[in-house]
Amino acid sequence: MRTATFALFIGIAYLSAGILGMIPAALIPAPADAPPTKVTLLYGYLLGLFPVNVLHSAVHLVIGVLGIVAWQAHHGWHRITSPKMFARAVTILYGALAVIGLIPGMNTLFGVLPLHGHDVWLHLGTGAVAGYFGWRSEAEVERRADTKPDRRDQVLPVERERRLGHSDRRVPGSEV
């Protein structure tokens, strides 16, 4: 998989998670033993697993949009960011969030973002995979040293094309 494809997948996944986090029906109320947060708007567990609130979902939306922009940068539409830099930034951001989520006093980021529970391993996994794509060397396609052009690159005229419905190979006027 190319780094640009990774950026697209992460972009779609986190954009979807951000949208789902904004839908109250996709949230299960937080249990009584969950760490308290100051921002309680749309606070709950996304799909019953991941603690989110409106700010957490907004961060997911931003990461998703940046992933799609990084994918587009690969195709020449935008020169703002590159897929490799996106993957490196996601590695650093989500690695830090995973570590913060493990610290009991910091697992709500001062009561603003819930970063505990299953969010820790999700952020750690996302950061690890992003690190792989951010720092790996891209495979390059090797070309042959042969000067003769590849026959598949040449466009040669075909007198009778069978794919276009000319299935009769006999030459007209040579009927027996």
Side-chain angles (χ1 to χ4, degrees), residues 1-140:
M1 181 187 314
R2 300 174 60 131
T3 305
T5 307
F6 163 76
L8 177 64
F9 285 165
I10 289 295
I12 291 171
Y14 275 90
L15 189 64
S16 301
I19 292 170
L20 273 176
M22 299 289 186
I23 300 172
L27 301 174
I28 294 176
D33 61 344
T37 61
K38 295 176 185 172
V39 180
T40 58
L41 182 62
L42 294 175
Y43 178 52
Y45 279 54
L46 180 62
L47 305 175
L49 295 173
F50 307 105
V52 294
N53 63 6
V54 70
L55 296 177
H56 199 146
S57 296
V59 170
H60 285 168
L61 288 172
V62 169
I63 294 295
V65 168
L66 288 176
I68 293 172
V69 167
W71 170 73
Q72 289 177 344
H74 171 71
H75 295 291
W77 295 345
H78 297 286
R79 298 287 179 206
I80 300 169
T81 182
S82 72
K84 188 173 287 283
M85 291 306 295
F86 170 75
R88 290 178 180 178
V90 166
T91 299
I92 294 168
L93 174 69
Y94 280 112
L97 290 177
V99 171
I100 288 172
L102 292 172
I103 301 171
M106 294 285 295
N107 62 2
T108 59
L109 199 62
F110 306 112
V112 179
L113 292 174
L115 300 171
H116 53 84
H118 292 294
D119 257 357
V120 173
W121 64 261
L122 177 67
H123 291 162
L124 189 62
T126 301
V129 172
Y132 169 75
F133 284 102
W135 278 282
R136 76 176 179 150
S137 61
E138 293 283 339
E140 295 184 16

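Here Thr5 pairs with Met1, Arg2, Phe9 under the side chain to side chain contact (heavy atoms under 4.5 Å, CB included) rule; sequence neighbours left out. Partners of Tyr14 according to the side chain to side chain donor-acceptor pair (under 3.5 Å) rule, which considers only residues two or more places apart in sequence or in another chain, are Thr126. By the side chain to side chain contact (heavy atoms under 4.5 Å, CB included) test, Val129 is found to be paired with Phe6, Phe133, residues two or more places apart in sequence or in another chain being considered. Here Trp135 pairs with nothing under the side chain to side chain donor-acceptor pair (under 3.5 Å) rule; sequence neighbours left out. Residues passing the side chain to side chain contact (heavy atoms under 4.5 Å, CB included) test with Leu15 are Ile19, Leu61, Val65, Ile68, sequence neighbours excluded.
A ring pair (Phe, Tyr, Trp, His ring centres under 6.0 Å) check over residues 30-49, counting only residues at least two apart or in different chains, returns nothing. Note on residues 59-68: pairs passing side chain to side chain donor-acceptor pair (under 3.5 Å), not counting sequence neighbours, are His56-His60.
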For residues 93-112, which side-chain donor-acceptor pairs fall under 3.5 Å, sequence neighbours excluded?
unit_1: Thr108; atom_1: OG1; unit_2: Gly111; atom_2: N; d: 3.1

Exercise answer: donor-acceptor pairs, residues 21-31 side-chain atoms, under 3.5 Å, sequence neighbours excluded:
none

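Between Gly131 and Thr91, the shortest heavy-atom distance links the atoms N-OG1, 2.7 Å. Minimum heavy-atom separation, His116 to Pro51: O-CG, 3.1 Å. The two atoms that bring Pro114 and Asp119 nearest to each other are O-OD2, 3.3 Å, heavy atoms only. Here the shortest heavy-atom pairing between Ala70 and Ala7 reads CB-CB, 4.1 Å.
Note: Leu41 CG to Asn53 CG = 8.0 Å, rounded to the nearest 0.5 Å.
Between Leu42 and the choices Val54, Val52, Leu55, the side chain to side chain contact (heavy atoms under 4.5 Å, CB included) rule is met once, by Val54.
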